[in-house]
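Every value quoted in this text rests on a predicted model; they were computed, and no experiment measured them. Computation of the quantities below employed the complete heavy-atom set of this structure, encompassing side-chain atoms and omitting hydrogens, waters and symmetry-equivalent molecules. First the proteins, then the strands, lettered A, B, ... as listed; each starts at 1.
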Amino acid sequence: MTQTENAIPKAYDPGAVEQRLYASWIEGGYFTPAIDPDKEPFVIIMPPPNVTGELHLGHALQATLADIMVRWHRMKGEPTLWLPGADHAGIATQVMVERSLAQNATSRSSDEAGLTRQQLGRERFLERVWDWVRLYGHTIDEQHKRLGASCDWTRRSFTLDDGPSLAVRTTFANLYEKGLIYRGERIINWCPRCSTALSDLEVDHEEEQSFLYHIRYPLEYGDGDLIVATTRPETLLGDTGVAVNPGDDRYRHLIGRRVFLPMVGRLLPIVGDEAVDLAFGTGALKVTPGHDPVDFEVGQRHGLPVVTAINLDGAMSREAGPYEGMDRAECREVILRDLDAAGLLDRQEPYRHSVGHCGRCGVVVEPLASRQWFVSMDELARPAMEVVRDGRIKIVPGHYSRVYLNWMENIRDWCISRQLWWGHRIPAWYCLDCSQDATHLVFPPEDGLPDGSYRTLREQGLAWSELEARAMHVFTDLTAQPIVALEPPDCCPACGGSRLYQDPDVLDTWFSSALWPHSTLGWPEDAEDVRYFYPTTVMETGYDILFFWVARMVMMGLQNTGDIPFKWVYLSGLIRDEHGAKMSKTRGNVTDPIEAIDAYGTDALRFTLTTGNAPGNDLRISDGKLAASRNFVNKVWNAARYVLTNLSETQNAPEWRTPQLSHRHDRWIVGRLNQVAAQVDRFMDDFLFGEAQREVHDFFWNEFCDWYIEIAKLRLRASSEPSPLPILVHVLEKSMRLMHPFLPFVTEEIWQTLKTVLHGTQDMADSIVVAPYPAPEPSTADAQAEREMELLMGVVRAIRNVRAEFKIPPNRALTCLIERSEAGASLREEAATVESLARTEPLVFLAEGDARPAAASTVSVALVGATLLIPLESLVDTAAERTRLEREMQECVDNMQRLSQRLGNAEFTAKAPEDVVERERERLARLGERRDRVQELLTQLTA
RNA sequence: GGGCGAUUAGCUCAGCCGGUUAGAGCGCUUGCUUUACACGCAAGAGGCCAGUGGUUCGAGUCCACUAUCGCCCACCA
């Protein structure tokens, strides 16, 4: 089939080609690397998106950046692996399914409509989640394919797959063995809505306007009172002491005495503790160990009991006496009223402070004392700081290293247990036979106890087996020694009993994420993948999960494998709307990447996301930018269309791959192409993808399209020799390969068409995906050709300029005389080019004694290498022309003055590099030449 | 309280190891149905590179301070 102009559409239609091309890539198996022990692989593990998630622009940006790197390295011949995956996203997914259950959206049968997970039971609930995952679990994979992501789908990994799950259990067991995982009672962040513990990172703090309440605590023998300041009066129901600073003269004498707790009447000891700030509030601190981390520590130091005043559902507990059952917010109002009525509310003052909210659902978190699993971080953090300090892991942009280290230095233990069902269940078992404490398992109120109180197993009168059958959630107040094992033990190693009960909690989602770079490659097995591909090369993700994920991967990677998980961390920015606002569904300013692809094409979206923006900076996206990118893609398409059309008419393009470089146009464009290739290499090495693209964009559009192709048209039309066709093909083909990592689809489509037009006679790879990336050939650099082209382009621009300035109709050919073209002898050879591009009568080259046109009706332009004289029919406004020339003159003089000053400075010539000095000298000389010429023109104008 | 970033054309942003007269896209002005492209072509206007001081032969670029904006971390109740 011969490609004709008709066969190639005028405007590029991405929708018509993209999915077909992606399918062909999968078909070709190009994304699965061949393991070659002699080569160093390039490896990126994809940050696993939430399994039920949908692609947003943040994903699109990250996938595009990764894909650019991956395609570049693949084309450079490195075994390249980009491993995709998905995250079970514990809390997010569970909440989603719970919500849908409530709405009866996914229930298989009507009898499950409106049920809570507790009513459904653990097993059946998890079935529902798996249903959900099966239904929506591959949406985002398909969306990544739309983006052109060249990942190895044969290696796709899910955090709950057998491999990663084994890695989780192994890690847990290892860390437990080493004493780096422990169970302890601590103040944790509790989300009453999600009813689970959260890590510190999952809590978002927001400044809120509130009050600081001063509350009167009467002294035991009625001799006055002690005023404490608090933002949370409702927690006084959990107070077990009052603390003052031992160095505080106001209160020192009270240490050891007692106060009455208002409304309740309990006697609380007054203790002295350094943690109390003398300057804050009244200098007296109510100690609530059950609901505040600082108080918890104070309480521990002074042996104060922990009282839980607020239940897991956010309602006041039995300890709250008359306030039992009230919601904590309601209780605050009521207790304030009561305190006021009793004359115990001294005063309240407006106060701004930050309040923690659940990162997932936004509800105010309740700090409360609870027994949870923790990872001890100090020992893990030390080597993780070291590898960044010594540069084994480099973070791009570099300033994030300090952010990383700063966080690591102040790291706190990580609460990893979650009271959820969806996730990796903690591999710890408790023996109900040898543990006396087993009967103290308690239920949270939502487990079907209508009065909202706690009940122990014994009180409930429930047998263990009965519990399991009902698959009820059992809250972990277990005090028994856990048996930590990779697989469920058959019987208790201590007593041989078989009534073993697995810890009901699951692990923080980020625990499995932390293992991702090695767990996806087969660790802990001795797998070929982990041996060959680990450590991975680049971890590319958003800066917002530096702590959540990156830091933890470094720690766990080092701990588990003894090696770093990746050599580079590339942190991308966040995507914002055109006004700089964060995109969110509630704001309604979300751009759906798939919609953007449908409207503008994948290549345009990718180009938009990765240009005009420095690494790590946030990026604003708008329709205007998308349209501009689409225009570029279309430009590429049409340049190719021109070349291909001509090619198909000629039927062949001999020597296009190593073309004869005889003509100056050809030497110029090929030299420039290779300079661009060299620049692109440098930028890519430094992760400067935007700069790399700008380089190739500018070359392709401003040099190849605007000049080379335009000139080539003239040569083709004139059938002059040598034909520019081999060069057109050469530059087009190489440009496609240069651009392929950025614009995978349009470049492949053009490349395949080119293959077809060349009838497969040429040595071209099956796909541009696996074609070699163009290596720069420095030998093609041709300074002379560049100078000559500069002159040619300068002359054409100057003439067009005059035409525009003097409003000469475009269809009227100008007369143009050229004098002093000695320096640009090449211009004589380019006369026909100039005549066509600038629309002039045949150029007249003036010799020494030739007559000049009358100055009064001539516009003169002094260029380096030639002077143009353009006589105009109508009289030129001599005054205006003189002004113009004088302005030009002034410019020359100013610049020359600056230059000679610089060159006259002995220190400059002595200290500046040779080439810089030389360049300045040349500039000065050229300016002098031009000034003389302008002077001459001015003289003529006056005469 | 600690840490990090930003400030460049009307708008959105680039500007790499300090070295021409600071660039791009969009927008704006003027003119073009030039057989690759109007998603285009040609020509143009538009900048005290936030401010002050310093280092340097040379600063948009490096340093210090100031101002404004933004982000992250933090147990002052």
Exercise for review: Determine, for nucleotides 5-17 of chain B in 5'-to-3' order, which nucleotides have protein heavy atoms under 4.0 Å from the base (write B), from only the sugar-phosphate (write S), or from neither (write -).
Suggested key: S------SSSSB-
**Study point:** Option from A/D346, A/L236, A/I227, A/L226 for which side-chain contact (heavy atoms from CB on, under 4.5 Å) with A/I215 holds
**Key:** A/L236
**Study point:** Sole residue of A/T747, A/V746, A/D603 in side-chain contact (heavy atoms from CB on, under 4.5 Å) with A/W637
**Key:** A/V746
Review point. Does any donor-acceptor pair link the side chain of A/E710 with the base of B/A42 at a separation under 3.5 Å?
Key: no
Review point. With distance as the sole criterion, do the side chain of A/K10 and the base of B/C37 form a donor-acceptor contact below 3.5 Å?
Key: no
Point to revise | Closest-nucleotide ordering on RNA chain B, the 5'-leading residue of A/H697 and A/E805 | key: A/H697
Revision key, fill the gap. Sorted by position of nearest nucleotide on RNA chain B, 5' first, the leading residue of A/A627 and A/K286 is A/A627
Which part of the nucleic acid, if any, lies within contact of [X], taking any heavy atom under 4.0 Å across all strands shown: a base, the sugar-phosphate backbone alone, or nothing?
X: A/D915; answer: nothing
X: A/V643; answer: nothing
X: A/R926; answer: nothing
X: A/R800; answer: sugar-phosphate
X: A/P913; answer: base
X: A/R898; answer: sugar-phosphate
X: A/Y351; answer: sugar-phosphate
X: A/A229; answer: base

Reckon [X] has a side-chain N or O less than 4.0 Å from the OP1 or OP2 of [N]?
X: A/K713; N: B/A36; answer: yes
X: A/W701; N: B/C39; answer: no
X: A/N811; N: B/C32; answer: no
X: A/R402; N: B/C72; answer: no

Point to revise | side chain to side chain contact (heavy atoms under 4.5 Å, CB included) between A/F700 and A/M736, intermediate numbers included | key: CA-CA 10 Å; A/F700 195 85; A/M736 290 309 100; 4.0 Å; yes
Exercise for review: Tell me which nucleotide among B/G19, B/A43, B/G31 gets nearest to the side chain of A/F908.
Suggested key: B/G19
Review point. Is the distance between the ring centroids of A/Y570 and A/F689 under 6.0 Å?
Key: yes
Study note, to complete from the structure: Applying the Watson-Crick and G-U criteria (both distances under 3.5 angstrom) with [ ] for crossing and | for other-strand pairs, one obtains for RNA chain B (((((((..((((.....[...)))).(((((.......))))).....(((((..]....))))))))))))....
Point to revise | Stacked cation flag A/K625 on A/Y600, 6.0 angstrom / 45 deg | key: no
Review point. When you look at CD of A/E914, are more than 12 heavy atoms from neighbouring residues, nucleotides or ligands closer to it than 6.0 Å?
Key: no
Check your understanding: Do the side chain of A/R902 and the main chain of A/R898 share a donor and acceptor less than 3.5 angstrom apart?
Key -> no
